[in-house]
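First the structure, in the form of structure tokens, and then the observations on it.
Since this is a predicted model, take the numbers as computed values, not measurements. Ligands are counted one by one from 1 in listed order, and the atoms in each one are counted from 1 as well. Only heavy atoms go into these numbers, but all of them, side chains included; no hydrogens, no water, no symmetry mates.
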Amino acid sequence: MPHQQSVTLNDGKVMPQLGFGVFQTPPEATAEAVRIALADGYRSIDTAAVYGNEAGVGEGFRASGLAREDVFITTKLWNGSQGFDRGLRACEKSLERLGLDHVDLYLIHWPAPKQDLYLESWKALIRLREEGKATSIGVSNFAPEHLDRIIDETGVVPVLNQIELHPSFQQRTWRAADARHGVVTESWSPLGQGDALSDPTLVRIAAKHGKTAAQVVIRWHLDLGLIVIPKSVTPSRIAENFDVWDFKLDPEDLAAIEALDKPSGRRGPDPVTMG
Ligand code: NAD
């Protein structure tokens with residue numbers, strides 16, 4: 001079995017399929033959490049300007065002793081910085097806080113359709129890619145109509161769309177829309193923020209494989225071809241969430257998890273109405 005799996009993005013770049021998220025990780029705890037994750041084998045870190053912990057991500061990366069080209073770092077443009085000029089400046093600020101000269105992936109965090117600036121923001125991301133400040137560019141929380149619009153207007157297809165996705169909110173329609181454009185879907189809150197891990201179906205499948213429910217859910221994302229970025233600040237859980245390479249789910253497991261999907265399973269804001 002491999003000790004990591006990768007996905008080739010539509011711009012030819014390669015991204016680790018299992019990464020480490022730092023949403024709600026306190027700034028003062030971020031460097032240590034990132035250092036531990038990198039020591040455990042993670043090679044991809046997902047932060048955002050609005051998380052307030054980009055400096056800690058940069059610090060944790062430098063403490064790891066790993067080479068820059070061996071770690072894939074993602075950050076995101078916040079809603080209040082959308083627009084062409086503001087988008088360019090916001091990326092510069094993120095790079096300063098991270099202490100890096102480029103990120104591997106820069107995302108528009110939310111379409112925020114009421115502001116109607118996401119198309120201008122997308123043009124800024126295209127410029128940032130041309131300037132080498134972002135190696136790859138993508139979006140987050142984009143509904144199919146938002147994706148269609150930026151692609152129609154610019155001809156540039158995002159490499160991925162990072163959306164809320166977990167067993168109780170499986171996002172089949174949006175995944176299909178992403179796939180139609182060759183956009184990889186990346187799952188945020190992949191563990192449903194931890195609350196759904198006591199679900200009896202997940203507990204039963206976990207016992208069958210001698211793994212935990214969190215590991216089963218992470219394996220499910222990987223087996224569906226999704227990029228997955230679980231978050232934890234607890235060292236034992238950081239390690240547990242990366243220990244998923246020695247088993248695979250069978251068709252019966254996959255069917256049982258598929259049946260956990262609920263129309264009301266969304267936990268975060270609805271991107272179509274938010275912002
Ligand atoms: P998650 O689904 O990864 O759940 C994290 C929580 O689950 C932890 O705080 C902990 O309570 C629990 N947990 C983690 N590992 C566990 C384990 N092994 N056993 C039991 N419980 C465990 O939730 P998340 O942090 O919301 O999402 C992951 C990442 O996705 C974020 O850190 C962030 O990088 C990204 N994200 C992006 C957006 C966006 O709008 N683009 C929104 C939310 C999150």
Is Leu202 close to Val217 at the side-chain level, that is, under 4.5 Å between some pair of heavy atoms? yes

When you compare ligand 1 with Lys231, is there at least one nitrogen or oxygen pair between them that comes in under 3.5 angstrom? yes

Any idea which protein heavy atom is nearest atom 10 (C) of ligand 1, and the distance to it? Arg237 NH1, 3.8 Å

Any side-chain heavy-atom pair from Asn241 and Leu191 closer than 4.5 angstrom? yes

Among protein heavy atoms, which sits nearest to atom 40 (O) of ligand 1, and what does the distance come to when rounded to 0.1 Å? Asn141 ND2, 2.9 Å

Mind checking side-chain contact (heavy atoms from CB on, under 4.5 Å) for Arg127 and listing every partner two or more places apart, or none if nothing turns up? Phe84, Leu88, Glu130, Glu131

With a cut-off of 4.0 Å, which atoms of ligand 1 are near a heavy atom of His109? 39 (C), 40 (O), 41 (N)

Can a side-chain donor-acceptor contact be found between Asn53 and Thr47 if the only test is distance below 3.5 angstrom? yes

At what distance is the nearest protein heavy atom to atom 26 (O) of ligand 1, and which residue and atom is it? Ser189 OG, 2.7 Å

Any idea which atoms of ligand 1 are less than 4.0 Å away from a heavy-atom of Pro230? 3 (O)

Contact region, Leu107 to ligand 1, non-hydrogen atoms below 4.0 Å, reads neither

Are side-chain N/O atoms of Trp188 and Asp46 paired as donor and acceptor at under 3.5 Å? no

Aromatic ring centroids of Phe142 and Tyr118 under 6.0 Å? yes

Which protein heavy atom lies closest to atom 29 (C) of ligand 1, and at what distance to 0.1 Å? Ile229 O, 3.2 Å

Starting from atom 34 (O) of ligand 1, which protein heavy atom do you reach first, and at what distance in Å? Asp46 OD2, 2.6 Å

Determine the minimum heavy-atom distance between Phe242 and Asp40, stating which atoms define it. CD2-O, 3.4 Å

Does Gln162 reach ligand 1 with a nitrogen or oxygen that is under 3.5 Å from one of the ligand's nitrogen or oxygen atoms? yes

Contact between ligand 1 and Phe20 is defined here as a heavy atom of the residue under 4.0 Å from a ligand atom; is it met? no

Counting only heavy atoms, which portion of Val22 has something under 4.0 Å from ligand 1: side chain, backbone, both, or neither? backbone

Taking N or O atoms only and a 3.5 Å limit, does Leu191 qualify as a polar contact for ligand 1? yes

For Gly194, take its heavy atoms, then give the atoms of ligand 1 lying under 4.0 Å from any of them. 4 (O), 7 (O), 12 (C)

For atom 18 (N) of ligand 1, which protein heavy atom lies nearest, and how many Å away is it? Asn241 OD1, 2.9 Å

If you measure only the distance, is there a donor-acceptor pair under 3.5 Å linking the side chains of Asp148 and His181? yes

Taking atom 32 (O) of ligand 1 as the reference point, the nearest protein heavy atom with its distance: Phe23 N, 2.8 Å

Residue Pro190 vicinity, atoms of ligand 1 by number, heavy atom under 4.0 Å: 1 (P), 2 (O), 3 (O), 27 (O), 28 (C)

Do the side chains of Arg149 and Asp116 get close enough for a salt bridge, i.e. N-O under 4.0 angstrom? yes

Would you call Met15 and Leu160 a side-chain contact if the rule is heavy atoms closer than 4.5 Å? yes

Distance-only criterion, 3.5 Å: show the donor-acceptor pairs between side-chain atoms of residues 258-265 and protein atoms not counting sequence neighbours.
{"unit_1": "Asp261", "atom_1": "OD1", "unit_2": "Gln170", "atom_2": "N", "d": "2.8"}
{"unit_1": "Asp261", "atom_1": "OD2", "unit_2": "Arg172", "atom_2": "NH1", "d": "3.1"}

Which atoms of ligand 1 have any heavy atom of Trp110 under 4.0 Å away? 40 (O)

Would you confirm whether Ser140, through its side chain, and Leu107, through its main-chain N or O, come within 3.5 Å as a donor-acceptor pair? no

Exactly one of Gln5, Gln4, His221 should register a side-chain hydrogen bond (donor to acceptor under 3.5 Å, both in side chains) with Gln17. Which one does? Gln5

min-distance protein heavy atom vs atom 4 (O) of ligand 1 -> Gln193 CA, 3.2 Å

Where does Thr212 meet ligand 1, judged by heavy-atom distances below 4.0 Å: at the side chain, the backbone, both, or neither? neither

Under 4.0 Å, counting heavy atoms only: does Gly268 come that close to any atom of ligand 1? no

